[in-house]
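Input: a single structure, listed below in structure tokens.
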Amino acid sequence: MKEEKITIKTEFIRLDALLKLAGAFETGGQAKYAIQNSRVLVNGEICTMRGKKMRNGDRAQFGQTVYEVCAS
């Protein structure tokens, strides 16, 4: 499993924006579709809320990649 750290400068980032920023998807619409179809895990559990607030230490998984939020 591949892991990537995604650094943010705000208190939180929405799940769909995180996946787009990380490069998992080219568009927010693609990210929204994957999230709503139960293809994304947040902290090890399926999450279907595209607006889920991801904070420092939270982890999102799509496919074989885990994206960890890191606050700067």
Side-chain angles (χ1 to χ4, degrees):
M1 180 126 353
K2 182 178 171 187
E3 293 194 21
E4 291 185 28
K5 294 191 182 294
I6 306 300
T7 303
I8 61 170
K9 295 180 180 174
T10 56
E11 178 185 348
F12 65 87
I13 186 170
R14 288 176 25 155
L15 177 58
D16 58 349
L18 171 71
L19 294 171
K20 184 178 172 192
L21 176 67
F25 298 97
E26 290 184 17
T27 68
Q30 291 172 334
K32 174 184 170 182
Y33 182 81
I35 294 164
Q36 290 178 336
N37 286 283
S38 304
R39 296 177 55 206
V40 177
L41 301 177
V42 172
N43 298 326
E45 296 182 9
I46 292 173
C47 180
T48 58
M49 300 182 309
R50 70 179 180 144
K52 169 84 173 147
K53 292 180 180 177
M54 303 291 290
R55 292 183 162 81
N56 187 44
D58 284 337
R59 298 163 58 92
Q61 179 181 338
F62 176 72
Q64 295 299 310
T65 305
V66 175
Y67 305 97
E68 183 175 351
V69 178
C70 298
S72 63

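Among all heavy-atom pairs drawn from Ser72 and Lys9, the shortest one is OG-CG, 3.3 Å. Between Lys52 and Val42, the shortest heavy-atom distance links the atoms CE-CG1, 4.1 Å. Nearest heavy-atom pair across Val66 and Met1 is CG2-SD, 3.5 Å. Here the closest non-hydrogen pair linking Leu15 and Met49 is CD2-O, 3.7 Å.
Of the inter-residue distances, the one linking Leu19 atom CG with Ile35 atom CD1 reads 5.0 Å to the nearest 0.5 angstrom. Distance CG/Leu21 to CD1/Ile6: 6.0 Å, rounded to 0.5 Å. The distance from atom NZ of Lys5 to atom CZ of Arg59, rounded to the nearest 0.5 Å, is 7.5 Å. Expressed to the nearest 0.5 Å, how far SG of Cys47 lies from CG of Leu41 amounts to 9.5 Å. Asn43 CG to Met54 CE: the interatomic distance, rounded to the nearest 0.5 Å, is 6.0 Å. Of the inter-residue distances, the one linking Phe25 atom CZ with Phe62 atom CZ reads 3.5 Å to the nearest 0.5 angstrom.
Proximity of a side-chain donor or acceptor of Gln30 to a complementary backbone N or O of Lys32 within less than 3.5 Å is not detected. A side-chain donor-acceptor contact under 3.5 Å links Asn56 to the backbone of Ala71.
No salt bridge links Lys53 with Glu11; every basic N to acidic carboxylate O contact stays at or beyond 4.0 Å.
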